[in-house]
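FYI, side chains are in, hydrogens and waters are out, and symmetry mates aren't considered; it's all heavy atoms of this structure. Residue numbers begin at 1 in each chain, while the letters A, B, ... track the order of the sequences.
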2 protein chains.
Amino acid sequence: MSSKVTIHEVARLSGVSIKTVSRVLNREPNVKNDTRTRVQEAVAALNYRPNISARSLAGSKAYLIGVFFDNPSPAYVTDVQLGAIARCREEGYHLIVEPLDSTGDVAAQVEPMLHTLRMDGVILTPPVCDNVAVLDVLEAEGVPYVRLSPDQDLDRSAHVRMDDVRAAYEMTAHLIGLGHTDIGFIKGHPEHGASHLRYEGYVAAMTEHGHAVREEHVEQGWFSFRSGFEAAERLLDRPDRPTAIFASNDDMALGVMAVANRLRLEVPQTLSVAGFDDTPGAKVVWPQLTTVRQPIQAMAAAAADLLLTGATRAEGDAPPPSRLLDFELVVRESTGPVA
Amino acid sequence: MSSKVTIHEVARLSGVSIKTVSRVLNREPNVKNDTRTRVQEAVAALNYRPNISARSLAGSKAYLIGVFFDNPSPAYVTDVQLGAIARCREEGYHLIVEPLDSTGDVAAQVEPMLHTLRMDGVILTPPVCDNVAVLDVLEAEGVPYVRLSPDQDLDRSAHVRMDDVRAAYEMTAHLIGLGHTDIGFIKGHPEHGASHLRYEGYVAAMTEHGHAVREEHVEQGWFSFRSGFEAAERLLDRPDRPTAIFASNDDMALGVMAVANRLRLEVPQTLSVAGFDDTPGAKVVWPQLTTVRQPIQAMAAAAADLLLTGATRAEGDAPPPSRLLDFELVVRESTGPVA
DNA sequence: TAAAGGCATGACAGCCTTGTCAAGGCGAGC
DNA sequence: GCTCGCCTTGACAAGGCTGTCATGCCTTTA
C-alpha cells in the first residue's frame with residue numbers, strides 16, 4: 001500500500017514541471033545543475049520510483065530483458081540468470097524467464113509472448129540460440145537479441161562465446177605435462193558445435209607436443225553419463241588402454257569414473273580423468289573432477305551488456321559484435337602424474 | 001516491426017466499441033454470445049494481443065509474478081520456474097526472477113524492486129521464504145505472496161509444502177521391508193525445519209515396526225556432501241555397523257556412497273543407501289540412488305495457482321490457505337535386501 | 001399495462017510517463 | 001543595439017487499455 005507517489009508530486013515538491021523531472025530521471029542533458037539537484041532531493045524525500053508500465057507505454061523502453069531457454073542443465077540456466085541480472089540491475093532492468101519447449105513449435109511459443117510483452121532484448125541460450133525459427137520471429141518483431149555460445153551461423157547476430165578450442169588444448173596440455181602420452185578422448189554430441197571445437201583443441205595439443213592421436217583411443221559420445229560410461233568401457237577394456245581420459249563434458253567424465261571404479265582402476269593413480277563444464281557433479285564425486293569452467297555468469301553478463309548498450313547490430317559490412325571470454329582450468333584430484 | 005495492432009482495430013473490425021472488446025478479452029460477463037464470437041474472430045484475424053504495459057497501467061493487474069530465490073540448488077530453482085510458468089501461461093502471466101543475496105540486507109534489495117515493478121504476486125523459495133524482513137516488506141507493500149516449503153511461522157501466510165514426515169516414514173519402511181533392522185540415519189542441518197520432520201518420520205517408522213532407534217546409529221549432518229562423508233565414516237567404522245543408511249538428503253547420501261566405495265563395501269549387497277530430494281547427482285552415481293522426489297514443479301504450480309486465484313489471505317480466523325502435496329518414493333539401485 | 005430490474009453496450013475519463021513542439025531567457029556576433 | 005541561436009523549461013498530446021457511469025432495450029412482476 002505505498003508506491004502511490006507519482007511524478008506529479010515530485011514536480012510539485014521541487015517546483016518544476018513533470019517534464020523536467022522526467023529529464024532528470026532519464027539523465028537527459030540541458031537541465032541546470034541547480035534544478036537537477038532540487039529534483040533529485042525531492043525524489044529522495046518522497047522515495048519516488050517511476051512506474052514501469054507507464055514508462056514503457058509512453059516511451060520506447062520496457063525495462064525488461066528476456067531469457068529464453070530450453071536447457072537440460074539447471075546449473076547452466078541458473079548461472080545465466082544470475083549473470084544477466086547482475087548487469088541488468090545496474091540499469092534498473094528486470095529479467096523475464098521464458099522456458100521453451102524445443103520439441104514443439106517454438107516460434108509459435110515465442111511470437112505471442114513477444115507480442116504481448118514488450119522486451120528490450122532477449123538472451124538466447126543453447127540450444128534455443130541455434131533455432132532458426134526463433135531467430136526469424138525475433139527479427140520479424142524487431143527485438144534485439146544476443147546468443148550465448150551459438151554453434152551455427154555466427155555472423156547472423158551478436159553473440160558471446162568461450163574459446164572451446166583453447167580450453168581443450170590446455171586441458172590436454174595439462175595431462176601431457178603430467179607425463180601422459182596415451183590420452184583417450186571422448187567426443188561430444190556430434191550436433192553440438194562445441195564437440196568439434198573441443199576435439200580440435202585436443203588434436204592440436206597432442207600433435208604440437210609430438211604425440212600421435214591414436215584412432216582407437218578416440219570414442220564417440222553423446223554428452224550423457226551413459227554414453228561416457230559405454231565409451232569408457234570400450235577404451236579401458238583393452239591391453240593398451242590409455243593412462244588418461246579426457247571427456248568432452250563432465251557427465252561423460254563421471255561415466256568414466258564409474259567404469260574405473262568398477263574395474264578397480266584407481267583414480268588418479270592408475271587413470272587420470274578430465275571433464276569439461278564444471279557441473280555441480282564434478283565436486284560431488286570422489287575424487288573430485290579436474291575440469292574446465294565456463295565463465296557462464298560472465299558470459300551472460302556480457303550478453304546483457306551488449307543488449308543494454310544497444311550494441312547488437314552489425315555496423316555496415318562488419319560482422320555483428322561478439323565477445324570471446326576466458327575459461328578457467330579447474331585442476332582437482334582426478335588427474336595426476338602418470339604411474 | 002509488428003505488434004502495432006491495437007484494441008481499436010479489433011473494435012472497428014468487429015463493429016463494437018473498444019470496451020466490449022476489452023470485456024471479451026477479460027472474460028467479463030454480460031456479453032452476448034454472438035458478439036463475443038465476432039470479437040474473438042476479429043482478434044484471431046488481426047492476430048491481436050493486448051499490450052501488457054497499457055493493461056497494467058490502466059487496470060489493477062500487472063500480469064507479472066515474481067520468483068524470489070537465494071537457493072544454492074540450481075535444480076530446485078529451475079524446477080520452481082518451470083512449474084510456476086506452466087500455470088502462469090494459462091492466464092497470460094509472465095515470470096520475473098529475482099535472485100536475492102541473503103548475506104546482505106535482503107529487505108533493501110526487495111523494497112526498490114517492488115516499488116518500481118508492480119507484481120501481482122510473489123513466490124518465495126527456501127531460504128528466502130523464512131526471511132522475516134522479506135515478508136515484512138512484502139506485506140508493507142501489499143504484495144500477495146506464497147511460500148514454498150517454509151520452515152517457520154506457517155500460519156503467517158499461504159504456503160505449499162510436502163509431507164516430509166510421511167516421506168521419511170515410507171523410505172524407512174521400504175528399508176525395513178527389505179529386511180533391514182539396523183538402519184543408520186544421518187540428520188540434516190539442525191536449522192532447517194525439514195531436518196526434524198524427516199527424523200521424526202524415521203523414528204516413527206522404526207518404532208511402529210518394533211525396531212529400536214539406536215542412538216549410536218544416528219549421526220548429525222549438515223546437508224553437505226562432506227558432512228555425509230564424515231557421518232558415514234563414523235557409522236561404518238564400527239563392528240556393529242548398520243546394514244542400511246538413510247541420509248536426510250542426497251548430497252549426504254552421496255557422501256555415504258563415497259565412504260562405502262572407499263571401504264569396499266558393495267552397494268547395495270553389503271550396504272543399502274537411501275537419500276532424499278532426488279537431485280541430479282542421484283542419477284549420476286553408480287549405483288543410482290534410491291531417494292524421495294519432491295514434486296517441486298507441482299508445488300510451484302500450486303503456489304502460482306494460489307496467487308492467480310487470489311487465494312492468499314486467510315478468511316476470518318481460519319489459517320491461511322495451504323496445500324500439502326504428495327511425494328514420490330524413487331527406488332533405484334542403491335537399496336536392496338539385507339545380506 | 002406500467003413499473004422495475006437486468007442485460008448488453010458505449011462514451012469518456014484516467015492510469016503515469018515520455019515525446020514533440022513552442023516559448024522565454026540570455027549571451028554572442030555583427 | 002539588434003538578430004541569431006543555444007540553453008532551459010513547460011504545456012500538451014499520445015501511448016493502449018480498463019473503470020465508471022450512462023444509455024437503451026428486453027424481460028419479469030404486480
Check your understanding: Is any side-chain N or O of B:Arg49 under 3.5 Å from a base N or O of D:dG16, one able to act as donor and the other as acceptor?
Key -> no

Check your understanding: In terms of the nearest nucleotide of DNA chain D, which residue is placed more toward the 5' end: B:Tyr63 or B:Arg23?
Key -> B:Tyr63

Review point. Is B:Glu139 salt-bridged to B:Arg156, cutoff N-O under 4.0 Å?
Key: yes

Review point. If you measure from the Lys or Arg side-chain nitrogens to the Asp or Glu carboxylate oxygens, is any gap between B:Asp120 and B:Lys61 under 4.0 Å?
Key: no

Exercise for review: Find which nucleotide of DNA chain C each of B:Asn33 and B:Gly59 is nearest to by heavy atoms, and output the residue with the more 5' nucleotide.
Suggested key: B:Asn33

Review point. For B:Arg36 and A:Val21, take the nucleotide of DNA chain C holding the closest heavy atom to each; which residue's nucleotide lies nearer the 5' end?
Key: B:Arg36

Point to revise | Heavy-atom donor-acceptor pair, B:Arg147 side chain to B:Cys129 backbone, under 3.5 Å | key: yes

Does OP1 or OP2 of [N] have a side-chain N or O of [X] closer than 4.0 Å?
X	N	result
A:Asn30	D:dT8	yes
B:Tyr48	D:dC17	yes
A:Asn26	C:dT18	yes
A:Thr20	D:dG10	yes
A:Thr35	D:dT9	yes
A:Ser53	C:dC16	no
B:Thr6	D:dG16	no

Whole-Å distance separating the [atom1] atom of [X] from the [atom2] atom of [N]:
X	N	atom1	atom2	answer
A:Ile18	D:dC12	CD1	P	11 Å
A:His8	C:dT17	NE2	C1'	9 Å
B:Ile7	C:dA11	CD1	C1'	14 Å
B:Asn51	C:dC15	CG	C1'	13 Å
B:Ile52	D:dC17	CD1	P	11 Å
A:Leu25	C:dC16	CG	P	15 Å
A:Leu57	D:dA13	CG	C1'	13 Å
A:Arg12	D:dT9	CZ	C1'	19 Å

Check your understanding: Quick one: do the A:Glu111 and B:Asn47 side chains pair a donor with an acceptor below 3.5 Å?
Key -> yes

Revision key, fill the gap. Side-chain atoms of A:Lys19 come closest, of D:dC17, C:dT9, D:dG10, to D:dG10

Revision key, fill the gap. Which of C:dA11, C:dG19, D:dG10 is nearest the side chain of A:Glu28? It is C:dG19

Check your understanding: Name the one of A:Val122, A:Asp136, A:Leu114 that satisfies side-chain contact (heavy atoms from CB on, under 4.5 Å) with A:Glu141?
Key -> A:Leu114

Practice item. Remember a base hit wins even if backbone is also touched, and classify B:Lys32 as base, sugar-phosphate or nothing at under 4.0 Å, heavy atoms. Key: sugar-phosphate

Practice item. Could you tell me whether the side chain of B:Pro320 reaches within less than 4.5 Å of the side chain of B:His159, counting heavy atoms only? Key: no

